[in-house]
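Here is the structure we will look at.
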Amino acid sequence: MKRAALYMRVSTLDQHPETQLHDLRQMAQQRGFEIVREYTDRISGAKARRPGLDEMMRNARRGHFDVVLVWASDRIARSVKHFLEVLDELNGLNIEFVSFREQIDTTGPLGRAIVIIVGAVAELERNLIVERVRAGMRRARLEGRHIGRKSLELDRTAILRDRERGHSLGQLAKSHGISRTTVHRVLRQHATTSLEKSA
C-alpha cells in the first residue's frame, strides 16, 4: 500500500480546506492509498510563506511518503516556475504526484510523459541560468572588471616589524585590518623562509 500525503491551500478567509480534503480523502480511498499526513496552508498572496508546503517537502526528502495528492496544481505552487521546480524535485525523489482537478497523475503513462517534459524544461532553465552567468563573467572580464574577491594587500614588512616590537596576534590583526589567521600565516611564512636561508 502506497503512503500518501495530502496538501491543501486556501488563499482567502472565506474558503475552507474541508472541501478539498473531502475530495482528496475519497480519491486516496479509491486508489487504496494509506494517508500518512495532511498539510494545510491558509494564506493570501503569491509571495506569502507556506509552512505547510515547506514541511511537506522536508518530509518528502526524508522519504515519509510515496505519493502527493493535491486538489489542483495551482494549490501547490506560487507560479508555473515554482510548480515545475516542485514537480521536478518530487520526481527526483521517486514520489508520485496526483492532481484531482486536472487529473494529472504521474503514475500513468501520460503522467510520466508530463514529468519527462517538466524535467526537460527544468533542466533547460538551469542550463540557461548557467549560460547567463558565464556570459556575464565573460563580459566582466572583457570590460576589465574584477570577478570574485579582491586579493588581500598585506604590508608584510610592517607586520613583522610590529611583531618584533612585541605586538600580540590580536593587536597585529586589529592594527592591520586582517584576521588572526592571516597574521599567523604571514609569521609562519617568514619563519619558514628564514629557516631555508639559514640552512
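The first residue in the sequence is number 1, and the count goes up from there.
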Contact between [X] and [Y] at the side-chain level, heavy atoms closer than 4.5 Å - yes or no?
X	Y	value
His64	Val36	no
Arg50	Tyr7	yes
Val183	His176	no
Leu172	Val186	no
Met8	Trp71	no

* Asked: So if you build clusters from Ile, Leu, Val, Met, Phe, Trp, Tyr with side-chain heavy-atom gaps below 4.5 Å, do Tyr39 and Val86 land together?
  ->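 Tyr39 and Val86: one cluster.
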
Let me confirm one number: the [atom1]-[atom2] distance from [X] to [Y], rounded to the nearest 0.5 Å.
X	Y	atom1	atom2	value
His190	Leu160	NE2	CG	5.0 Å
Leu6	Ile35	CG	CD1	4.5 Å
Asp88	Leu93	CG	CG	9.5 Å
Lys2	Leu69	NZ	CG	10.5 Å
Leu53	Arg58	CG	CZ	10.0 Å
Ser168	Asp162	OG	CG	11.0 Å

With [X] via side chain to side chain donor-acceptor pair (under 3.5 Å) - residues at least two apart:
X	answer
Glu143	Arg145
Lys174	none
Gln26	none

* **Residues which pass side-chain contact (heavy atoms from CB on, under 4.5 Å) with Leu142, listed by chain and number, not counting sequence neighbours** =>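 Result, side-chain contact (heavy atoms from CB on, under 4.5 Å) vs Leu142: none returned.
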
Verify, without hydrogens or angle tests, whether [X] (side chain) and [Y] (backbone) share a donor-acceptor contact under 3.5 angstrom.
X	Y	result
Arg134	Ile129	no
Asp41	Arg9	no
Thr182	Ile178	no

* **Which atom of Gln171 lies closest to which atom of His167, heavy atoms considered** =>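 Residues Gln171 and His167, closest heavy atoms: OE1-CA, 3.3 Å.
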
* Can you sort out the partners of Phe33 under ring pair (Phe, Tyr, Trp, His ring centres under 6.0 Å), two or more places apart, ordered by chain and number? =>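 Residues passing ring pair (Phe, Tyr, Trp, His ring centres under 6.0 Å) with Phe33: none at all.
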
* Can Val70 and Phe97 be said to form a side chain to side chain contact (heavy atoms under 4.5 Å, CB included), step by step? -> CA-CA 8 Å; Val70 300; Phe97 175 84; 3.5 Å; yes

* To do: Assess whether salt bridge (charged side-chain N to carboxylate O under 4.0 Å, His left out) is satisfied between Arg31 and Asp105, documenting all intermediate values.
  => CA-CA 12 Å; Arg31 297 185 178 218; Asp105 185 348; 2.4 Å; yes

* **Pair His184, Arg180: side-chain N/O donor-acceptor within cut-off below 3.5 Å** =>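 Short answer, no.
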
* **salt bridge (charged side-chain N to carboxylate O under 4.0 Å, His left out) contacts touching residues 19-28 (sequence neighbours left out)** =>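 For residues 19-28: Arg25-Glu38.
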
* To do: Could you please spell out the steps behind the side chain to side chain contact (heavy atoms under 4.5 Å, CB included) verdict for Val68 and Leu90?
  => CA-CA 9 Å; Val68 171; Leu90 290 175; 4.3 Å; yes

* Only one of Arg61, Met56, Glu55 clears side chain to side chain contact (heavy atoms under 4.5 Å, CB included) with Asn59; which? ->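 With Asn59 as partner, Arg61, Met56, Glu55 yield a single side chain to side chain contact (heavy atoms under 4.5 Å, CB included), made by Glu55.
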
* **Test log, rule side chain to side chain contact (heavy atoms under 4.5 Å, CB included), inputs Val98 and Met27** => CA-CA 10 Å; Val98 179; Met27 184 164 64; 3.7 Å; yes

* Would you check, one step at a time, whether the test side chain to side chain contact (heavy atoms under 4.5 Å, CB included) holds for Val133 with Met137? => CA-CA 6 Å; Val133 170; Met137 291 173 71; 4.0 Å; yes

